[in-house]
Enquirer: 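Okay, handing you the structure first.
This is a predicted model, so every value here is computed, not measured. For the single chain, residues carry numbers from 1 onward in sequence order. Below, all heavy atoms of this structure are taken into account, side chains as well, without hydrogens, waters or symmetry copies.
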Amino acid sequence: MRLFLLYLHILLFNFPSFSLSSSNFLCHPEDSYALLQFKSSFTTYTNYACQEQPQKTSTWKNGTNCCSWHGVTCDTVSANVIGLDLGCESLQGNIYSNSTLFQLSHLQSLNLSYNDFFGTHFHSKFGGFQNLTHLDLSSCNFQGEVPPQISHLSKLISLHLSRNGQLSWKETTLKSLVQNATILEELILDETNMSSIHPNSLNLIFNQSSSLTNLNLQRSGISGNWKNNILCLPSLQELDLSKNDYLEGQLPNLSCSTFLRILDLSYCSFTGPIPLSFSNLTYLTSLSLIDNRLNGSIPSSLLTLQNLTSLSLKDNLFISGQIPDVFPKSNRFQKLDLSSNKIDGQLPKSLSNLQHLINLDLSSNSFSGQIPDVFDGLTKLQELRLGYNRLEGQIPPSLFRLSQLDYLDFSNNKLKGPLPEEISGFQNLGYLFLNNNLLSGKIPSWCLSLPSLGMLDLSNNQFTGNISVISSYSLYYLKLCSNKLQGDIPESIFNFANLATLCLSSNNLSGVVNFQHFSKLQKLDTLSLSRNSQLSLNFESTVNYNFSILSTLELSSVGLIGYSKLSSGKFPGLRYLDLSDNKLFGRLPNWLLNIDSLQSLGLSHNMFESMDQFTRNQWQNLQGLDLSFNLLAGGISLSICNKSSLILLNLAHNKLTGNIPQCLANVSSLQVLDLQENKFYGTIPNVIGELQALHGLNLSHNRLTGSIPQSIGNLSSLESLDLSSNILTGVIPAELTNLNGLEVLNLSHNHLMGEIPQGKQFNTFSNDSYVGNSGLCGFPLSKKCGPKQHSPPSANTLGSEEN
Ligand SMILES: *[C@@H]1O[C@H](CO)[C@@H](O)[C@H](O)[C@H]1NC(C)=O
Ligand SMILES: *[C@@H]1O[C@H](CO)[C@@H](O)[C@H](O)[C@H]1NC(C)=O
Ligand SMILES: *[C@@H]1O[C@H](CO)[C@@H](O)[C@H](O)[C@H]1NC(C)=O
Ligand SMILES: *[C@@H]1O[C@H](CO)[C@@H](O)[C@H](O)[C@H]1NC(C)=O
Ligand SMILES: *[C@@H]1O[C@H](CO)[C@@H](O)[C@H](O)[C@H]1NC(C)=O
Ligand SMILES: *[C@@H]1O[C@H](CO)[C@@H](O)[C@H](O)[C@H]1NC(C)=O
Ligand SMILES: *[C@@H]1O[C@H](CO)[C@@H](O)[C@H](O)[C@H]1NC(C)=O
Ligand SMILES: *[C@@H]1O[C@H](CO)[C@@H](O)[C@H](O)[C@H]1NC(C)=O
Ligand SMILES: *[C@@H]1O[C@H](CO)[C@@H](O)[C@H](O)[C@H]1NC(C)=O
Ligand SMILES: *[C@@H]1O[C@H](CO)[C@@H](O)[C@H](O)[C@H]1NC(C)=O
Ligand SMILES: *[C@@H]1O[C@H](CO)[C@@H](O)[C@H](O)[C@H]1NC(C)=O
Ligand SMILES: *[C@@H]1O[C@H](CO)[C@@H](O)[C@H](O)[C@H]1NC(C)=O
């Protein structure tokens, strides 16, 4: 007896994966053979969807009892293999009709999920497992049609076929299955292809099932207008029809499903209001209707549902009206997301009753008025988003007592007044966004010393005073730009090893800053110090410094005079550099010429005289070059024509002269070309019509002569064309009416003549587009055209005369 107990102890506890029922019996040799053959028909691969799994099949050894193998279950009486669980076994290979799997005819439970069957057809022999109750073939890479024989599995309780995107259903197959499997509870078919099933068939297919508790048809390609939108499933507890992008019609009538707990109808195309009948689903804990086209207002009975803990109505655009002020004390909401709708009015005071709330998102609506002082009871709140509304007044004091808050976004409102000097909460705050408001006063020191803060954005407010010592050591994103801050940049900022974004531009900061100090911030990606007219940047340095990952550097309007002192810097990853509005001139230094990664260079409002040095071989990836408002003279450097990656070229307001070079047509990616206010002469080259990507072309205020090339009518992307204040002659080519996207046209102050072309976009331009051309006539000018025009006919006018 003792010995037996000891034996049992060893059996039960030392081999935890053996179950008594399985291993006690010697498996049948034919089952053993079938399993070993099945195993040997596969190779294995690395499956990233699975955590590291012990390889169950590695315990499968010929000559040992297969009932003791991992993943295998045998019947306690007959010793037949009745369960096979090889989920996440990372098997790879085909399952053909001759597979020995199909010899395991007693199987009741089969899990082959997360293996790769190479797009083999889902074989009809799966329908032969007559006693199967549980079948999981999710993420198996099966292809083709689900075989009609699946409906022979009449004892199924649970069927999972998720994420077999190439597996398609016929309506008759699904209907027979649901009809025959009378005890089916779980039908999980997300990401299989049901595009052949019309939504109007759904109520027929599922009308038969009184057993279904869980139905998942997420992302199954069901599309069309669901007219008879009743789904009558009395035992249903979970329903997921989400991500069927083209499923239209009103939200379904689920009145039969009294016990529904989880309902997900998000990311479809449902229209109309939220039905009042949803408020009868008293067991509902989670309702998601994200990203549909719902309208109407939020029924107050939905907000008082006692069991509802999560409600998401985000991104419906037309849900409007106010939030009914009805939240009862008994409310259990943990998550309430009404963002990106058209809800207006004040925030309800009864929000204070939502004591279980963890996540509240009311952003991107039209809420107005003050934020009510409701936060004292909401002690569990972790995420609070009220950004992009019209909220005004002061931030209520109870907010600053929240201790669990991690994410706070009040940005883009009209909030006013100073922040409190002392606060007792925010110990766990990681993200604080108060940017784009009207906040004023000093930035209180708590704000820059929160222990967990990672991102802080106070930009675009009216904060004044000095920046105090910063001691939030986890900060990696700090934006204080566009305020009225004064004083020095605090030294403490240079200790922030994690800082990736620092924006201090557009303030009144002063003092001398050694630029080299910023290179201590080894993770710095974006640095903006522009427009602090009192700030003096000191580049003098005896050591080499390396901004290893800096990609954006904005030093506009900081009073740089020459740049030779920057010469010891290295900027190996810089892509955007703005040095505009300084006093730079002369030869470019090597550090700047050596930045191979440069994509955008802003040097406008400086004192450069020669264009050549900007167009040589450096900067092979340059996409934007702005040299406007300099003193550039002479002709356009022809080497610019080799800069084939250029998207924007701005040479406006210089003293450039000569012809507009033909070779500019080689820069085929050019989208914006601005040459206004120079001294170019000669004709506009015809090849300009080859710049197919052009959105904006400005050649105004030069001395260009000749006629407007007809080829400009080929620039099909053109939105803005300004040729004003030149000496252009001839008629306006009728081809310009082909420019369907043209929004701005200015041909004023030239010597153009004849009839203004009519039709399409040309019906939208006013007098201003044409003034100062005494020879022009026709709409929109009051001057009518005579019966005969003396202008030489263009090819097009000839063509139209023939018609
Ligand atoms: C298992 O071993 C037996 C003999 O020991 C052998 O006849 C049989 O072919 C083996 N089966 C497999 C699948 O390797
Ligand atoms: C099948 O196996 C996978 C992987 O082990 C597991 O995640 C899944 O829950 C199993 N399926 C069922 C229905 O239990
Ligand atoms: C099973 O069938 C496949 C394809 O029909 C074939 O390539 C394979 O040789 C067969 N395997 C056996 C063991 O008969
Ligand atoms: C299926 O189950 C029934 C009833 O439990 C049993 O009599 C029958 O033998 C089983 N069939 C197979 C193939 O295991
Ligand atoms: C229903 O299941 C039974 C038993 O498996 C089977 O004989 C019959 O063909 C099935 N009916 C349909 C329509 O598939
Ligand atoms: C789904 O199946 C239909 C045929 O029923 C096919 O036309 C369509 O391309 C399939 N869709 C996908 C995404 O495979
Ligand atoms: C659903 O089934 C019930 C009886 O089970 C029947 O009265 C009703 O007409 C069916 N509805 C549809 C739409 O087939
Ligand atoms: C919803 O369907 C039930 C029958 O299941 C019906 O009695 C009820 O009138 C329907 N409600 C609406 C709003 O259509
Ligand atoms: C809610 O259920 C009650 C009782 O079953 C019923 O009288 C009422 O009409 C239902 N309301 C809606 C909107 O379906
Ligand atoms: C809330 O759900 C529980 C079960 O989770 C249920 O017992 C209770 O009746 C539900 N409340 C209401 C008001 O239906
Ligand atoms: C909601 O949209 C439908 C069209 O989808 C329209 O007929 C109805 O008038 C709209 N209702 C409201 C309240 O805007
Ligand atoms: C602000 O900073 C400036 C320059 O660092 C300093 O002279 C001034 O005393 C500071 N003002 C206050 C109120 O700390």
Enquirer: Search all heavy atoms of T258 against all heavy atoms of Y283 and return the closest pair with its distance.
Expert: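 In terms of heavy atoms, the two residues are closest at O-CD1, 3.5 Å.
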Enquirer: For N508 and Q486, test the side chains for any donor-to-acceptor distance below 3.5 angstrom and give the result as yes or no.
Expert: no
Enquirer: Does Y388 OH have over 12 foreign heavy atoms under 6.0 Å away?
Expert: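 Incorrect, the count does not exceed 12.
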Enquirer: Quick one: are L231 and N253 in side-chain contact, heavy atoms under 4.5 Å?
Expert: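 The answer is no, as the side chains (C-beta and beyond) never meet within the 4.5 Å cut-off.
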Enquirer: Does any part of the side chain of Y431, heavy atoms only, come nearer than 4.5 Å to the side chain of D409, both counted from C-beta?
Expert: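 Of all side-chain heavy-atom pairs linking Y431 with D409, none is under 4.5 Å.
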Enquirer: Quick one, L485 and N466 - any side-chain contact, counting heavy atoms below 4.5 Å?
Expert: no
Enquirer: Regarding N203 and N228, do their side chains bring together a donor and an acceptor under 3.5 Å, going by distance alone?
Expert: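 Result is yes, a qualifying pair exists.
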Enquirer: Strictly distance-based, threshold 3.5 Å: is any side-chain N or O of N532 a donor or acceptor partner for the main-chain N or O of L509?
Expert: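 Present.
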Enquirer: Quick one about S505 and S530 (side-chain donor to acceptor, distance below 3.5 Å, no hydrogens or angles considered), yes or no?
Expert: no
Enquirer: Considering all heavy atoms of both residues, which atom of N740 and which atom of K760 are nearest to each other, and what is their separation?
Expert: OD1-CD, 3.4 Å
Enquirer: Just checking, is any N or O donor in the side chain of R390 or N413 under 3.5 Å from an acceptor N or O on the other one?
Expert: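 Side chains of R390 and N413: no pair found under 3.5 Å.
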Enquirer: Work out which heavy atom in S506 is nearest to a heavy atom in R531; give both atom names and the distance.
Expert: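 Shortest heavy-atom separation between S506 and R531 comes out as OG-NE, 3.1 Å.
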Enquirer: Under 3.5 Å, is there a donor-acceptor pair between the S510 and Q534 side chains?
Expert: no
Enquirer: Side chains of L386 and L347: closer than 4.5 Å at any heavy-atom pair?
Expert: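 In short, these two side chains touch, coming nearer than 4.5 Å.
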Enquirer: Report, as yes or no, whether the 6.0 Å neighbourhood of atom CZ on R293 holds more than 12 heavy atoms from other residues, nucleotides or ligands.
Expert: no
Enquirer: Within a strict 4.5 Å, meaning less than it, do heavy atoms of the I489 and I467 side chains meet?
Expert: no
Enquirer: May I ask you to decide whether D190 forms a salt bridge with R163, counting only side-chain N to carboxylate O separations under 4.0 Å?
Expert: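 Yes, D190 and R163 are salt-bridged.
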Enquirer: Could you tell me which residues satisfy ring-ring contact (aromatic ring centres under 6.0 Å, His included) with F547, sequence neighbours excluded, listed by chain and number?
Expert: F515, Y545, F571
Enquirer: Shortest non-hydrogen contact from R332 to N307?
Expert: NH1-OD1, 3.0 Å
Enquirer: Mind checking whether D337 and L360 have side chains closer than 4.5 Å, heavy atoms only?
Expert: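 When only atoms from C-beta onward are counted, L360 and D337 do not touch, as no gap falls below 4.5 Å.
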Enquirer: Using a 3.5 Å distance criterion without hydrogens, assess whether the side chain of T285 forms a donor-acceptor pair with backbone atoms of L308.
Expert: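 Flag not set: sc T285 to bb L308 has no pair under 3.5 Å.
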Enquirer: For S557 and D581, does a side-chain donor sit closer than 3.5 Å to a side-chain acceptor?
Expert: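 D581 and S557 do have a side-chain donor-acceptor pair below 3.5 Å.
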Enquirer: Before we go on, tell me: are the rings of F433 and Y407 under 6.0 Å apart, centre to centre?
Expert: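 Yes: the rings meet the under 6.0 Å criterion.
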Enquirer: So, the side chain of N365 versus the backbone of L338: is there a donor-acceptor pair under 3.5 Å, distance only?
Expert: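 Checked: pair present.
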Enquirer: Measure the shortest side-chain to side-chain distance between L434 and L419 over non-hydrogen atoms and say whether it is less than 4.5 angstrom.
Expert: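 The answer is yes, as the side chains (C-beta and beyond) meet within the 4.5 Å cut-off.
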Enquirer: Regarding K416 and E392, does a basic nitrogen lie under 4.0 Å from an acidic carboxylate oxygen?
Expert: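 Result for this pair is no, no salt bridge flagged.
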Enquirer: Verify the distance criterion only: is there a donor paired with an acceptor across the side chains of H695 and E719 at less than 3.5 Å?
Expert: yes
Enquirer: Keeping to residues at least two apart or across chains, list the side-chain hydrogen bond (donor to acceptor under 3.5 Å, both in side chains) pairs with something in residues 317-331.
Expert: D325-S350, K329-N353
Enquirer: Is the shortest side-chain N to carboxylate O distance from R401 to D376 below 4.0 Å?
Expert: yes
Enquirer: Could you tell me which non-hydrogen atom of S403 sits nearest to which non-hydrogen atom of N428, and how far apart they are?
Expert: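 What the structure gives for the nearest pair is O-ND2, 2.9 Å.
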Enquirer: Kindly list each side-chain donor-acceptor pair under 3.5 angstrom involving residues 443-459, sequence neighbours excluded, with atom names and distances?
Expert:
{"unit_1": "W446", "atom_1": "NE1", "unit_2": "P420", "atom_2": "O", "d": "2.7"}
{"unit_1": "S449", "atom_1": "OG", "unit_2": "S445", "atom_2": "O", "d": "2.9"}
{"unit_1": "S449", "atom_1": "OG", "unit_2": "W446", "atom_2": "O", "d": "3.4"}
{"unit_1": "S452", "atom_1": "OG", "unit_2": "Q427", "atom_2": "O", "d": "3.4"}
{"unit_1": "D457", "atom_1": "OD1", "unit_2": "S459", "atom_2": "N", "d": "2.9"}
{"unit_1": "D457", "atom_1": "OD1", "unit_2": "S459", "atom_2": "OG", "d": "2.7"}

Enquirer: Report yes if some heavy atom in the side chain of L475 is under 4.5 Å from a heavy atom in the side chain of N498; otherwise report no.
Expert: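 They are not in side-chain contact.
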Enquirer: For I319 and I274, work out which heavy atoms get closest and say how close.
Expert: CD1-CD1, 4.2 Å
Enquirer: Do any N or O atoms from the side chain of N244 and from the backbone of L217 form a donor-acceptor pair under 3.5 angstrom?
Expert: yes
